[in-house]
Structures are given as structure tokens and as C-alpha cells.
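Everything below concerns the one structure shown next.
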Amino acid sequence: MSARLTVTDPVLHRLAEEVGVEGPVAVEGSRTRWHIGGAADPQTRLVKAPTGIVEYVPDEMTVCVRAGTSVADLHAALAEQGQRTGLPERGGTVGGAIAVGENDVHVLGRGRVREAVLQIRYVADDAKLVTGGGPTVKNVTGFDLPRLMTGSLGTLGLFAEVILRTNPLPATTVWLESSDADPFAVLDTILRPSAVLWNGIITTVQIEGHGPAVAAETARLAAIGTWAEVAQAPELPAHRWSLVPSELGDPSRWNGATWVASIGVGTVWASIPQPATPTNPVVAALSRRVKQQFDPTGRLNPGRVPGAH
Amino acid sequence: MDLKLDADDLNTCVQCGLCLPHCPTFRVTGDETMSPRGRIQLMREVQDNDAPVTSEVVDAFATCVQCRGCEPACPSNVPFGHLMEQTRETLVDNGHMTPKWQQLALKPLAHPKLLKAGTAALAVANKSGLLPKRLGLPDELPVRQKPLVASGDDVWLFTGCVMDAWQREVHAATKRVLEAAGFGVQPTNDLAPCCGALQSHAGMGNDARNLAAKAISALADAPVLVNSAGCGAAMKDYGHMLGTDSAAAFSKRVFDISEFLAEHVDSLPAVEPLDLRVAVQDPCHLRHVQRVHTATRTVLEPFVRELVELDDDGLCCGAGGAYSVLQPELAGQIRDRKVGAIERATPDVVASANPGCSMHLAQAGVETVHPMTLVDRALNG
Amino acid sequence: MAGFLSSVRRRLNLNQPTAGDGDPVVEALRAALDPSRVRYDGAERTLLSHDASIFDGGVAGPVCYPLTTAEVQSVMRIAEKHTRNIVPRGAGTGLAGGAIPLGAPIVVAVTRMNNIIEVDVDNRIAWVEPGVVNLDLTRHLMPLGFHFAPDPSSQQVCTIGGNVANNSGGPHCLAYGVTNAHVLAIEVVLPSGEVAMLGGLDAEPAGLDLRGVFIGSEGTLGIATKVAVRITPNAPAVKTMLLSFDTVRNAAHTVSAIIAAGIVPAALEVMDQRITQAVETYVGAGYPTDAGAVLLAEVDGLAESIEIDANRIAEIGREQGAIEVRFAADETERALLWKGRKTAFGAVAQIAPDYYLHDTVVPRSRLADVLDEVSAIAERHDLIVMNVFHAGDGNLHPLLVFDKREPGVIERVHAAGDEILTASLNAGGVLSGEHGVGVEKQKFMDLFFTDDDLAHQNRLRQAFDPGCRTNPGKVIPSGHSCADIAALKRVPREVWA
């Protein structure tokens with residue numbers, strides 16, 4: 001009997017054929033985060049990942065989707081059943097979102113991208129189709145390759161299809177903003193905000209859940225400031241900084257920029273890029289060995305290095 | 001070697017390991033040989049697989065405090081205490097452990113006159129600073145004391161050996177509390193000189209059984225109240241130890257003093273509670289073996305301002321009868337954990353119903369009082 | 001008298017090195033660590049040849065108890081120099097044999113690295129050493145208003161290091177996620193002896209998520225020496241409910257219906273009648289012993305929110321034929337119900353002295369069907385099966401109980417186990433939900449993964465451990481593993497032989 005994870009979908013096999021065994025190659029999604037990880041080698045042949053939802057069983061809270069599908073299309077289909085995923089809603093493909101691994105602005109409420117990926121299928125350097133993880137919501141069968149692939153920029157394998165965990169859409173969502181509240185007091189005041197954003201003056205909070213709970217949390221927030229309901233999250237500047245949450249109390253490090261900080265998370269969106277931080281040489285060497293193992297000839301998305309600015 | 005362990009009892013352990021955190025020696029060493037699961041496995045290796053009884057195997061058994069904290073933690077109800085006692089008895093009989101001089105050291109316990117003579121000598125030696133501090137003896141050992149006098153025959157108050165010799169004031173307090181609740185008290189004094197617990201733990205089964213038989217024949221009819229947790233646990237086990245109906249009937253008459261008073265707490269006069277924050281340190285043989293430690297709280301609660309629990313889930317203090325003398329290093333490490341828990345609870349005073357615990361904790365500068373002493377103080381000023 | 005008693009002060013030297021003198025590896029280890037923390041005697045080596053599983057494969061070589069990262073480095077370097085293998089070990093509660101030695105490797109027990117180094121409430125993390133006991137951490141955090149969310153049934157004894165190695169779950173990971181979601185950074189001693197900090201405390205650490213793959217790698221990629229865990233605020237309100245049913249099937253249908261209704265309870269646990277009876281005997285929590293199955297459901301969060309979810313769960317339960325829906329009256333009752341659930345595996349010894357606990361995951365909609373199949377399989381093999389499982393995740397734990405002294409029973413247990421695994425895979429499930437592969441499920445790995453999939457898992461392993469010396473012979477099956485598993489197992493048992 002063949003292994004349960006044997007790939008039978010001809011669409012995926014066609015992608016594998018297209019990737020082939022020779023020459024530099026990368027997947028092109030919607031290019032929404034094309035600059036990340038350095039410039040692509042101009043010699044690189046670009047292929048497109050296949051599209052479409054393969055299987056969606058709402059009662060299971062999982063969805064199997066091809067990597068080329070746009071996150072917007074996926075979320076539109078899930079919304080019909082009152083669900084969504086942790087992938088960021090800002091344009092781009094499912095595969096691209098996972099390759100980059102950046103979290104949604106509502107990460108506190110929706111979870112991280114890396115936690116949404118249950119199973120991943122990718123085309124390896126030798127055009128083999130490889131599956132990591134498994135289809136169920138809980139699984140420790142073998143090494144956790146979905147974690148390795150998330151954020152790897154397609155340098156270890158080219159993503160073809162994933163199974164994602166879905167979450168129920170909350171009954172109620174509100175955005176509130178305040179210009180007199182201490183943003184750092186929000187997390188001590190309410191239990192599980194989906195987002196707490198601060199631009200130095202205005203604090204914006206997203207609360208989701210059952211109506212009565214959202215109302216109660218809104219009322220609790222009144223203890224730390226005056227709040228008004230707004231339609232949506234503030235505009236986010238282009239550059240993404242990754243900091244430790246407690247570092248957000250000192251905005252002097254991105255002086256002069258316009259910025260929005262995600263309190264309790266540590267992400268800052270700023271108009272200027274984050275200065276490069278030195279990489280630990282042991283970790284860098286280990287990462288190179290991983291790359292060497294998965295792509296000995298260096299043909300997968302050459303030029304790009306996860307974590308490089 | 002045949003350890004003479006019951007094969008079914010030994011087989012009950014499924015190695016789940018849930019006992020490990022409740023074992024004081026595993027807690028301080030992190031070493032499987034010093035855990036209940038490991039010790040049971042070693043019993044199996046010796047009994048079933050004929051593994052040699054090396055010094056490490058003997059150590060594994062000798063380092064067990066016999067606090068039996070593993071028993072309530074065990075969902076399979078492995079009778080660990082009995083397995084360990086039987087293992088030690090077989091090893092003693094075969095000359096693998098408890099050297100002769102240690103057995104001799106326990107002999108005076110069964111002979112009140114000898115113990116009193118010894119205590120007097122100790123008291124003098126202690127005052128002269130001749131004894132090592134780690135022995136944990138009270139600073140003021142009584143040189144001479146009057147025996148307690150009976151005030152009726154409603155209940156026996158078991159006075160025992162070490163406790164009677166060294167902490168008779170606790171007996172006096174217990175007696176006054178019982179009398180305040182309306183009971184006539186008959187101290188056992190020389191009628192039943194010793195419960196036999198320490199002998200039993202050391203693997204000296206015959207000595208223990210003789211003492212048990214003596215107590216059973218001497219103490220008829222009335223409830224036998226015990227204010228030392230270790231003695232109470234041992235006497236409640238006479239039924240199992242002797243395997244006779246009369247022993248089993250006797251054991252049913254044995255009560256921890258708080259267990260008994262908890263049923264009669266309404267009979268005690270209402271008084272102004274002592275202005276104290278009291279941490280209750282449960283003796284293992286009260287909590288894990290007799291499992292009546294909640295009674296201590298019921299009895300104390302009306303008589304003190306505040307009761308506070310320790311956050312260590314009832315882990316042993318390391319006293320363990322003679323353990324603190326035989327295994328001072330481990331006993332000290334175990335006690336360090338207990339002292340930490342006591343410090344976190346910030347009590348004015350620690351209540352403990354076992355002389356061993358009191359002496360052991362006193363060594364680390366933690367003053368303990370018997371719950372009966374506190375109740376007596378509240379009642380009688 | 002004084003002289004007599006002072007002779008009592010003589011004590012047994014607990015850790016006196018009495019064996020291994022002259023063995024260069026043992027000597028080197030004793031020079032690097034305190035000699036009392038390197039043991040080579042028969043008692044120690046025999047005990048550390050086992051974990052909580054029924055598997056054995058070899059015997060512990062020298063057993064080391066390091067206290068610091070530097071000591072772990074020394075052990076790794078000595079192992080490398082002498083080409084000896086290493087097996088890391090926490091509390092030894094694993095059920096897949098992940099911590100048992102194959103051959104005679106150096107066993108590195110991290111139980112004495114048990115300090116909670118720092119609790120950083122501002123960043124909602126705690127730095128802990130790998131030997132910290134899961135429940136000790138939560139107890140430490142409670143007064144601060146936090147806890148560590150992964151709560152495996154063994155949480156009172158298992159270590160954070162073990163949780164990292166197995167990506168441990170537990171009842172409450174249904175809502176909160178497994179260990180991977182609660183570990184931000186890990187200091188790891190690599191098989192080379194180098195120290196690497198994997199992951200980080202910042203929002204999105206740069207580079208490959210090596211933290212993510214280290215978690216769940218079952219000790220094959222190195223030894224964790226410090227872990228930054230996320231600490232989770234305690235929910236202001238909790239409701240625990242006990243629903244009883246005539247059949248396990250009804251309980252399973254209720255679980256799928258709750259999930260399908262878009263409710264994410266904190267926990268959804270099912271126990272069948274046999275296990276409920278065993279548990280009730282031990283804890284006396286008031287579990288109904290006459291019901292065919294009980295569903296323990298818990299919702300936590302805001303009072304306003306859990307009221308709605310709890311009522312909906314009760315409603316769904318009744319629709320699915322619940323004979324009783326009961327809410328825990330207070331924290332004492334709640335604690336007792338959970339104590340029963342979490343000690344369930346140990347309680348089975350009341351029925352038979354041995355058990356084999358399985359761990360598979362199936363799609364939640366298939367729970368009822370697979371459970372029916374499991375009972376049919378047990379019946380065919382004339383075995384008693386009990387079910388206690390994380391129903392909300394579809395994580396089954398069929399428990400085969402037996403007495404190994406009965407001739408031929410082990411073979412029947414294994415045959416039934418194989419069929420249970422196959423049934424789970426056929427239903428679209430996976431081999432393990434939380435216990436891991438260890439040595440237990442290697443031979444089933446190629447029923448699930450293709451050769452190429454397994455080759456890629458081995459690529460990851462080789463990147464971390466090119467010499468294949470850290471817990472070799474685990475997880476990846478023969479033919480794909482860097483280790484020659486058969487050769488590993490051929491090492492004779494010399495201890496006490």
C-alpha cells in the first residue's frame with residue numbers, strides 16, 4: 001500500500017515538472033513582498049503555483065488550498081461558512097504569505113502564520129513532491145517541516161499546497177481609538193484584544209467576540225481613557241520592525257519616522273527600515289547547513305536569504 | 001534475591017511517574033534511583049530478575065524517607081509503604097542494611113527507663129555542647145519530669161517513647177484540651193512504651209510486632225488518641241502488620257488527636273483566638289498515611305486569627321523519624337525546600353503535630369509548636 | 001552516649017562513584033562534571049534504560065546530571081571526542097520510548113537544571129531551565145496572574161525540556177495551542193557542543209524558524225538548556241461541565257457538533273465507562289459510573305462570553321442525547337474532576353497491571369466511527385480497551401489493558417495496536433497527536449509519509465547532527481535514518497547480566 005501522503009493531484013505534479021531539476025527557479029506570487037530577503041537572482045526562472053481550494057470541510061475547521069490562491073479569495077470562501085485563517089489580509093497569495101511568514105496586524109486575536117500551517121506540500125530541489133506535517137489539527141508525526149518552511153522564502157522548497165487551520169469569525173468586531181489612554185495599560189485592562197496599536201498619540205484597539213463580551217470589554221476600557229469607535233485599523237507605514245514588546249516604550253529608536261507599534265507583540269510599522277542586527281554565527285552556520293541539505297546546488301530562489309534585509 | 005514482596009502489589013505500578021514530584025528525595029536529587037518508581041523497579045530487578053544487591057541498590061532503599069507522599073499521588077494505589085518496609089526487613093534479615101549498632105540505637109525506645117536515663121544523659125551532654133547540632137535535639141531536654149496522671153477513662157492518650165521523654169509538655173497540653181472538651185483522660189505511660197514505627201521503618205519487623213502486641217493487650221476498650229502523627233499511622237497499621245482480627249479492631253480505635261477533636265470541636269469553650277498567623281505543616285504520616293490532615297485545620301481554626309497553607313503540596317520536611325540522623329545531607333536539602341515554602345507563607349508560627357518534624361525544622365531555625373499547644377494556650381492562656 | 005550517637009552521623013555516600021573507573025568516557029565526564037553527578041552503577045543504568053513506555057532497546061551508559069549549559073557542552077564534546085551517542089532525558093514520562101537508550105549511550109538527565117531563571121511580566125515570558133516541572137512553573141506563575149498553557153496529563157511531573165522535545169499538548173491546547181505556540185526562544189547545545197539561541201523574544205525573529213523545528217524533534221537535534229516560554233494570563237472566569245451519555249458515540253457526535261458550531265472551548269475531553277469507573281474509584285469526584293461515556297467540557301475567558309458558550313454546549317449536548325448536564329459547583333469540584341481526568345492512565349492498574357496507550361488523531365467528524373472500529377478491534381483480539389481522549393482535537397487515546405504474565409497477550413496487544421493505527425490513518429488521521437514517534441511508531445512512518453518525505457526529515461536532522469549521535473535511531477525509520485538502528489540495538493546488555 002502506498003503512503004497516505006502520496007501526492008495524487010496531477011496539478012501538483014505539473015508544477016513539479018515545471019520546476020524541473022536544473023537551473024535557478026522561484027515561485028512568483030503577487031509580488032506584494034517581493035523585496036524581502038534581498039534581491040532575487042535575475043537569472044531565476046519564475047513559476048506560478050497552482051490555485052484553488054482543494055478541500056474545505058467547515059466542521060473540521062481545516063482547509064486544503066493550493067499555494068497560488070490569493071488570501072482574499074480563500075478568506076472570501078471561508079467567510080461564507082463563518083471562518084477565516086491567521087494569514088494576513090493584505091493582498092498576496094497563500095504561498096507568498098507563508099513563504100514570508102509575516103503575521104497579520106490582528107495577530108493577538110488570530111494567531112501567528114506559523115501556527116496556522118498544518119501540512120505543507122512543496123517541490124524539492126530535485127523536483128520531488130514532499131509533504132511535511134499532516135492534515136489534522138494536532139500532530140507530532142515526524143519533524144515539524146511546516147514550521148521550517150514558514151518564513152523560508154521558498155529557499156528550501158517551492159510551495160504547492162497547504163492545509164491550514166481555520167478559526168471561527170467572531171460574532172462582533174469593534175475598533176476603538178483613544179488619544180488619552182496609556183497603550184501599555186490596555187493588556188492589563190482587557191483579556192484578549194485582537195490588536196493594540198499605538199502611533200505615539202493615538203491608541204487603537206480591536207476587540208472581537210460575543211456581543212455582550214465585547215460590550216463589557218469596551219466598558220472596562222473606559223477606566224483608562226476616552227474611546228471612540230472607528231471603522232478600521234490605522235494606515236500602516238511600509239517598513240516592518242521586529243522588537244521585543246517591552247522595547248516599544250522607547251520610540252526614540254525610530255525617531256523622525258511615522259510609525260505604528262503593535263503593543264504586546266513588538267512589531268513596529270515605520271517609514272524607515274529597521275537597522276540590521278547582527279546574526280549569531282552559530283545560528284547562521286546552522287541555517288546554512290539546513291539550506292545546504294535541502295538545496296545542495298542552491299537553485300531554489302537564489303539571492304534570497306531568510307532574515308536578510 | 002526473594003525480597004518476599006507480594007507479586008501483585010509489586011505489579012500494580014505501571015511506571016507512569018506521577019509519584020516523582022511527590023517524592024522528597026527525587027525532588028532534591030532528580031535521580032530516578034531516588035524515586036518511588038525507581039525504587040519499585042529496583043525491587044522488581046532484585047526479586048524477579050535476581051539483580052545483585054549492590055551498595056547503590058541498598059542506598060536507593062536506605063535513602064527513602066518513608067514519608068509515603070507517593071501513595072496518595074498514585075492512581076494505581078501501589079502500597080509503597082508496605083513494599084518498602086518489607087524490602088528493608090528482608091535486607092536487614094540478610095545483613096544487607098541497618099548495621100547492628102543502628103538496631104541497638106533503637107532498642108531503648110522500647111524501654112522507657114532506659115530512654116529516660118538516656119535522655120537525662122543527653123540533656124546534660126546537650127547543654128554542655130557535646131552533641132552535634134545536626135541531631136536536632138531540643139535545646140532544653142528535660143532532665144527529670146513527673147508522669148502524667150489519669151483524669152478518667154473516656155480516652156487513652158498515647159504517650160509513646162521519644163515524645164513522652166522529650167516533649168511531655170505537649171502531652172500535658174493535649175490532656176488539658178481533651179479535658180476542656182469534657183473527656184476523662186488516661187495516659188498510657190509505661191503500659192505501651194512505644195508504637196514500634198521506627199523499628200518497622202528500619203526493617204526490624206519482630207521488634208515492631210512485639211511492641212504492637214504489647215500495646216494491643218494493654219490498651220483496652222476506649223479510643224486510643226495519638227498526638228504524634230508517626231505513632232498514629234503505625235498504630236492504625238497494626239491490623240495489617242499483625243494480620244489478626246484483634247489487631248484490626250484495635251487499629252479502628254486509634255485516632256489522631258485532631259481527627260478525634262474535629263468531631264468534638266463544638267464541645268470546646270469559645271474563647272478569644274490567639275492573634276497569630278499560623279502555617280500548618282502537615283506531618284507526612286498524618287497527611288499521606290492517615291490522610292486526616294484537614295482535621296488539624298478544623299480544630300485550630302477557631303483558636304487562631306489566621307491559618308495559612310504552604311504551597312509545596314504537602315511535600316515531606318525530611319525529618320522521617322531517624323532519617324534526619326541517618327541521611328543528614330539529603331534531609332537537609334529536603335528541609336531547605338520546606339523552609340522556603342514556610343518563608344513564602346510568612347507565618348507567625350508553624351504548627352506541626354509530629355516531634356520529628358519539630359526537631360528537624362528547629363535545626364533550620366524554624367520554631368514549630370504542636371497544634372494542641374496552640375489550642376491549650378488559647379483556652380488556658 | 002555522646003560518642004555512641006555521634007557514630008550515628010556516619011552516612012551512606014549516595015553517589016560514590018563505584019563503577020566505571022578506568023573507562024575513559026566516564027573518567028572524562030567525571031573530570032568535567034562533579035564526580036557525584038556522573039553515575040555508572042548498575043542500579044542507575046538499569047533504571048535509566050526505561051521511560052514510562054513499555055519499550056526497551058539498550059542500557060544507559062554513563063548517566064550525567066549537568067547543572068549548567070557549560071556542563072552540557074562539556075558532555076557533548078566528550079561524546080563527540082569519544083564518538084559516543086547521547087540521549088537527553090527529563091522526567092522519563094514519555095510513552096513512545098523517546099528517552100530510552102539504544103545501545104549504551106551517555107544519558108544526559110536535565111532534572112537538576114530546574115531553575116526558573118526569570119519571569120518577565122512586561123513581555124509575558126519566563127526563562128526557565130529544561131528540568132523545571134511543568135506544573136511547578138504554573139504554580140510559580142499563579143500568584144502573578146499567569147500560567148503556562150500546555151498542560152499534558154503528566155504535567156505534575158513532566159519537564160519543560162520534555163514538553164519542548166515532544167511538542168506536548170494537553171487538554172487545554174484545544175483553545176490555547178500546543179507547546180510550539182508557547183515557546184519563543186530556546187538555548188540549545190548542538191551535537192557539536194556549540195550553543196545556539198533559536199528563535200527570539202521579538203515579534204518575528206529573523207531567519208529560518210529553527211526554534212519551530214527543534215520543538216517536537218524528540219531530543220534528536222540537540223539539548224535545550226534554557227527555554228523562553230510564553231506566560232498566559234489566567235482567565236477571569238471558567239465554567240467546567242460534565243455531560244453524560246449512554247454511548248461513546250453520542251459523546252463523540254456532541255464534540256463534532258460543538259466544533260461545527262464555531263465554539264472553541266478551552267477543553268473537550270471524553271472518557272468511556274470503564275475508565276470513568278476506574279477514575280472515580282481513585283478520586284471520588286462524582287463522575288457518573290453508570291453512563292456509557294462522559295464529556296468534560298470547559299470554557300474560559302470573560303464571564304459574559306463563557307456564559308453564552310456554556311449554554312450552547314449544554315444545548316448541543318441535550319440535542320445529542322445527553323442524559324445529564326452538570327456544572328462544577330466550585331473550584332474544588334472542578335479541581336477534582338480534572339484530577340480524575342489527568343490521572344486516568346495510572347488508574348487503569350486497578351483493572352489490569354499493564355497498559356498500552358495509543359495516541360492517534362483523526363478528523364473530528366470521524367471520531368465516532370473510528371471509536372466503533374477500535375472496540376471491534378479490541379474485541380477481535382480478546383482485549384479490554386478503554387478510551388480517554390482529547391476529543392476536541394480528535395486526539396484518540398485507546399488504552400489496551402492486560403496482564404503481561406498471560407501467555408500470548410503481548411502479541412495480541414501489538415496486533416490490535418497496529419490495526420488501531422491503520423484504522424486511524426484510513427480515516428484521514430495521523431500517527432501521533434502528542435506522544436511522538438520515538439521508537440514506537442517508526443515502523444509505521446512509511447504508511448504515512450513517502451520515502452521522499454522521510455528523506456527530507458532526515459535532511460533536517462543531518463543539518464543539526466551531522467554525526468548522527470544525538471538520540472540516534474529515533475523518529476525516522478530504518479532505511480531513512482542516519483543511524484543504523486539494527487546495529488544500535490545489537491549492543492549487548494552488560495549491566496547486571
Side-chain angles (χ1 to χ4, degrees), chain A residues 1 3-6 57-61 82 101-103 114-115 124 128-132 134-145 147-148 150-152 168 191-192 209-210 212-213 216-217 242-246 262 265-267 279-280 282-283 286-287 289-290 292-294 306-307, chain C residues 122-123 166-167 169 177-178 181 194-197 201-210 212-213 215-217 236 256 259-260 262 264 301-302 304-305 308 361 363-365 393-395 425 428-434 436-437 445-450 452-453 456-457 459-460 462-463 475:
Chain A
M1 192 190 295
R4 297 304 190 289
L5 292 183
T6 304
V57 187
D59 290 4
E60 258 342 291
M61 309 286 291
E102 288 176 355
N103 296 314
R114 70 188 188 203
E115 282 143 27
K128 300 254 174 68
L129 275 164
V130 173
T131 310
T136 53
V137 290
K138 192 174 179 190
N139 176 25
V140 293
T141 314
F143 292 132
D144 202 346
L145 294 182
R147 247 42 64 201
L148 183 65
T150 304
S152 69
L191 185 63
R192 291 167 194 156
H210 289 301
E217 292 286 66
S242 177
L243 299 172
V244 176
S246 58
S262 180
V265 177
T267 302
T279 323
N280 175 301
V282 178
V283 175
L286 179 59
S287 301
R289 291 202 298 276
V290 172
Q292 173 68 24
Q293 283 285 337
F294 280 81
Chain C
D122 283 350
N123 286 310
N166 291 289
N167 195 12
V178 293
E194 295 168 299
V195 178
M197 182 63 77
L201 304 187
D202 55 324
E204 289 166 349
L208 294 174
D209 185 11
L210 301 176
V213 288
I215 297 167
S217 64
S256 340
I259 301 294
V264 185
L302 298 167
E304 300 84 358
S305 190
I308 296 171
V361 188
R364 291 168 279 205
S365 54
D393 298 312
N395 191 179
L425 290 183
V430 299
L431 290 172
S432 176
E434 52 187 14
V437 175
M445 287 285 270
D446 51 16
L447 288 180
F448 186 61
F449 291 115
T450 68
D452 295 329
D453 301 342
H456 270 231
Q457 293 188 27
R459 288 184 183 191
L460 175 70
Q462 299 264 40
V475 187

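By convention in this document, chain letters (A, B, ...) are assigned in the order of the sequence lines, proteins followed by strands, and residues within each chain are numbered from 1. Atom set for the values below is all heavy atoms of this structure, side chains included, hydrogens, waters and symmetry mates excluded. Every value quoted in this text rests on a predicted model; they were computed, and no experiment measured them.
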Point-to-point distance, once rounded to the nearest 0.5 Å, from CG of Leu148(A) to CG of Leu208(C):
6.0 Å
Which atoms of Pro58(A) come close to chain C, meaning under 4.5 Å heavy atom to heavy atom: side chain ones, backbone ones, both, or neither?
neither
Counting N and O atoms only, with roles assigned by atom type, does the side chain of Thr141(A) sit under 3.5 Å from a partner on the main chain of Ser432(C), one being a donor and the other an acceptor?
yes
Over all heavy atoms of both residues, which pair between Ser242(A) and Asp202(C) is shortest? Give the atoms and the distance, please.
OG-OD2, 2.7 Å
Between Glu60(A) and chain C, with a heavy-atom cut-off of 4.5 Å, which part of the residue counts as in contact: side chain, backbone, both or neither?
both
With chain C as the partner, which of Thr279(A), Thr6(A), Asn103(A) has the greatest number of non-hydrogen pairs under 4.5 Å?
Asn103(A)
Interatomic spacing from CE in Met61(A) to CG in Asp393(C) - rounded to 0.5 Å:
12.0 Å
If you take all heavy atoms of Ala3(A) and Phe448(C), which pair is closest and at what distance?
CB-O, 3.4 Å
Return the option, out of Ser365(C), Gly436(C), Gly216(C), with the maximum number of heavy-atom pairs under 4.5 Å with chain A.
Ser365(C)
Interface residue of largest heavy-atom contact number with chain C, from Gly266(A), Ala213(A), Ser152(A), under 4.5 Å
Ala213(A)
At their closest point, which heavy atom of Gly301(C) faces which heavy atom of Leu191(A), and how far apart are they?
CA-CD2, 3.7 Å
Side chain to side chain, Asn123(C) and Val244(A), heavy atoms closer than 4.5 Å
yes
How many angstroms lie between atom NZ of Lys138(A) and atom CZ of Arg364(C), to the nearest 0.5 angstrom?
11.0 Å
Distance check, rounded to the nearest 0.5 Å: Arg4(A) atom CZ versus Thr450(C) atom OG1?
13.5 Å
Do Asp59(A) and Ser256(C) come within less than 4.5 Å of each other through their side chains, counting heavy atoms only?
no
Could you tell me whether the side chain of Pro212(A) reaches within less than 4.5 Å of the side chain of Ile308(C), counting heavy atoms only?
yes
If you count heavy-atom pairs under 4.5 Å with chain A, which of Leu431(C), Val264(C), Ile259(C) comes out on top?
Leu431(C)
Top contributor to chain C interface from Ser262(A), Gly134(A), Pro245(A), Ala124(A) [non-hydrogen pairs under 4.5 Å]
Pro245(A)
Which one wins on heavy-atom pair count under 4.5 Å against chain C: Gly142(A), Gly209(A), Gly151(A)?
Gly142(A)
Pairs of heavy atoms under 4.5 Å with chain A: top-ranked of Val430(C), Val195(C), Leu425(C)
Val430(C)
Rounded to the nearest 0.5 Å, how far apart are OG1 of Thr131(A) and NE2 of His456(C)?
10.5 Å
Would you name the heavy atoms of Ala216(A) and Glu304(C) that are closest together and state the gap between them?
CB-OE2, 3.1 Å
Please classify the contact between Glu217(A) and chain C as side chain, backbone, both or neither, with a heavy-atom cut-off of under 4.5 Å.
side chain
What part of Val213(C) gets closer than 4.5 Å to chain A, counting heavy atoms only: side chain, backbone, both or neither?
both
If I measure from the heavy atoms of chain A, does Asp452(C) come under 4.5 Å with its side chain, its backbone, both, or neither?
both
On a heavy-atom basis, which atom in Val282(A) and which in Ala196(C) lie closest, and how many Å separate them?
CG1-CB, 3.8 Å
Closest heavy-atom contact between Leu5(A) and Asp453(C)?
CB-OD2, 3.9 Å
Side chain, backbone, both or neither of Val475(C) within contact of chain A (heavy atoms, under 4.5 Å)
side chain
Atom CG of Asn167(C) and atom CZ of Arg147(A): how far apart are they, to the nearest 0.5 Å?
8.0 Å
Between Ala260(C), Gly433(C), Gly262(C), Gly207(C), which residue shows the highest count of heavy-atom pairs closer than 4.5 Å to chain A?
Gly433(C)
Greatest number of heavy atom pairs closer than 4.5 Å to chain A - which of Asp122(C), Val178(C), Val437(C), Leu302(C):
Leu302(C)
Picking from Asp144(A), Thr136(A), Asn280(A), Val137(A), which has the most non-hydrogen pairs under 4.5 angstrom with chain C?
Thr136(A)
